[in-house]
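First the proteins, then the strands, lettered A, B, ... as listed; each starts at 1.
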There are 2 protein chains.
Amino acid sequence: MTDGQHLERRMDWFRQRCKRAGLACTHQRQVIYRVLAASESHPSPESVYERVRMEIPSISVATIYKSIRTFMDQGLLQQVNPLHEAARLDANLEPHHHLVCTACKSVEDLPAELIEAPRPVRPLPNGFRAREFHIEVLGLCARCAGKG
Amino acid sequence: MTDGQHLERRMDWFRQRCKRAGLACTHQRQVIYRVLAASESHPSPESVYERVRMEIPSISVATIYKSIRTFMDQGLLQQVNPLHEAARLDANLEPHHHLVCTACKSVEDLPAELIEAPRPVRPLPNGFRAREFHIEVLGLCARCAGKG
DNA sequence: GTAGTTGCAAAAGCTTTGCGCAGTA
DNA sequence: TACTGCGCAAAGCTTTTGCAACTAC
């Protein structure tokens with residue numbers, strides 16, 4: 001299957017999901033989703049905006065942001081950086097990982113000894129040179145688990 | 001050793017590091033660093049600002065941000081979320097991790113099969129309920145490694 | 001004394017919101 | 001036709017910058 005065929009399959013699937021969710025399958029949303037699905041570079045909203053503008057010059061930034069939010073609510077899209085709203089500082093200089101509560105956005109430290117160090121099965125792709133493995137455990141802290 | 005003693009040790013160490021780096025050891029910087037070192041909650045700059053203001057009501061937000069940047073440049077401080085400037089979107093719905101280049105901030109996908117799944121050595125602390133393990137491999141992409 | 005630091009205010013990103021018009025179902 | 005979604009502009013956050021006054025060394 002070529003990349004183009006694969007992309008069109010995803011677009012079909014996208015249109016089905018829209019229908020199922022009661023979302024209007026507008027030209028804008030389709031172009032935005034196609035840009036996202038075709039991109040391998042984890043673009044920022046700004047970058048999506050630029051690419052979509054090549055096809056729909058009159059598109060507005062607000063539409064990009066609104067669509068992104070809608071797609072995330074539908075589970076069609078994720079963020080690489082769930083804690084991107086503001087910087088979160090960490091003065092702990094010992095090796096450690098993080099327990100991130102997806103409900104209240106709290107972050108706890110997890111000392112590195114408490115979890116097995118991840119090891120690549122084979123060398124990393126594209127000659128990537130690893131310096132540090134950082135594990136984010138996404139889940140619910142005791143407080144939020146109790147509420148839910 | 002009590003927490004208070006531990007904190008004072010860190011403050012001594014901080015003052016040494018400042019001296020060694022040629023940084024003025026101002027009252028503001030000491031209070032800001034103490035707040036950071038004493039905090040376990042990975043505070044945002046805003047939150048640091050509020051706590052520092054209890055001790056130095058005339059402190060300005062700009063000073064907080066400048067100090068944070070200085071501390072990070074010195075390796076005294078890290079960010080939990082290195083990619084927090086703008087949202088980075090991810091339409092890949094297969095299980096995968098991320099290769100994050102710390103130089104150019106590019107992100108590549110790493111299929112989950114290519115790395116051993118991390119396993120906690122014992123149950124996670126504080127009753128944290130894990131839903132997903134997400135590995136960020138920090139390092140240099142081939143392009144940036146070539147430049148350096 | 002000099003260089004580096006602070007506080008203020010203004011500005012620069014990123015993201016959200018309100019509203020009237022337009023396109024979808 | 002009813003209603004959802006779009007584009008525009010304004011506003012809200014977070015973070016940075018320029019500059020004059022001040023402080024550590």
Subject >> Geometric cation-pi criterion A/Arg69 and A/Tyr65, 6.0 Å radius, 45° cone >> reply: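 Judged by the rule (NZ or CZ under 6.0 Å from the ring centre, within 45° of its axis), A/Arg69 is not positioned above A/Tyr65.
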
Separation of atom [atom1] in [X] from atom [atom2] in [N], rounded to whole Å:
X       : N      : atom1 : atom2 : answer
B/Asn81 : C/dC14 : CG    : P     : 16 Å
B/Asp73 : D/dT16 : CG    : P     : 11 Å
A/Phe71 : C/dT15 : CZ    : C1'   : 17 Å
A/Arg29 : C/dA25 : CZ    : C1'   : 13 Å
B/Arg88 : C/dC14 : CZ    : C1'   : 14 Å
B/Ile64 : C/dG7  : CD1   : P     : 9 Å
B/Tyr49 : C/dT6  : OH    : P     : 14 Å
B/Ile68 : D/dT14 : CD1   : P     : 13 Å

Original post:
If you check the B/Pro45 side chain, which of C/dT15, D/dT15, D/dG5 turns out closest?
Top reply: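 The nucleotide sitting nearest to the side chain is D/dT15.
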
**OP:** Please tell me which of the listed nucleotides, D/dT15, C/dC8, D/dC25, lies nearest to the side chain of B/Cys25?
**Re:** D/dC25

Can you find a side chain N or O atom of [X] that sits less than 4.0 Å from OP1 or OP2 on [N]?
X       : N      : result
B/Tyr65 : D/dT16 : no
A/Thr26 : D/dT4  : no
B/Thr63 : C/dG7  : yes
B/Gln28 : D/dA24 : no
B/His84 : D/dT15 : yes
B/Ser67 : C/dT5  : no

**OP:** Specify the residue among B/Gly22 and A/Arg69 whose closest nucleotide of DNA chain C lies further upstream toward the 5′ end.
**Re:**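 Taking each residue's closest nucleotide, the earlier one in sequence belongs to B/Gly22.
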
**OP:** Could you pick out which residue, B/Ala87 or B/Leu23, lies toward the 5' side of DNA chain C when each is mapped onto its nearest nucleotide?
**Re:**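 The 5'-side residue here is B/Leu23.
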
Original post:
Can you check whether A/Cys25's main-chain N or O pairs, donor with acceptor, with A/Gln30's side chain at less than 3.5 Å?
Top reply: yes

Original post:
Does CZ belonging to B/Arg131 count more than 12 external heavy atoms closer than 6.0 Å?
Top reply: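 It does: B/Arg131 CZ has more than 12 such atoms within range.
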
Original post:
So which of A/Arg15, A/Arg9, A/Arg10 actually passes side chain to side chain donor-acceptor pair (under 3.5 Å) with A/Asp12?
Top reply: A/Arg15

Original post:
Shortest non-hydrogen contact from A/Leu76 to B/Leu93?
Top reply: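 For A/Leu76 and B/Leu93, the tightest heavy-atom pair comes out as O-CD2, 4.0 Å.
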
Indicate, with a heavy-atom threshold strictly under 4.0 Å, whether [X] touches base, sugar-phosphate, or nothing.
X       : answer
B/Ala62 : base
B/Ala86 : sugar-phosphate
B/Ser58 : sugar-phosphate

Original post:
Going by atom types alone, do A/Asp109 and B/His42 pair a side-chain donor with an acceptor below 3.5 Å?
Top reply: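 Result is yes, a qualifying pair exists.
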
Original post:
With no angle test and no hydrogens, is the base of C/dG7 tied to the side chain of B/Lys66 by a donor-acceptor pair under 3.5 Å?
Top reply: yes

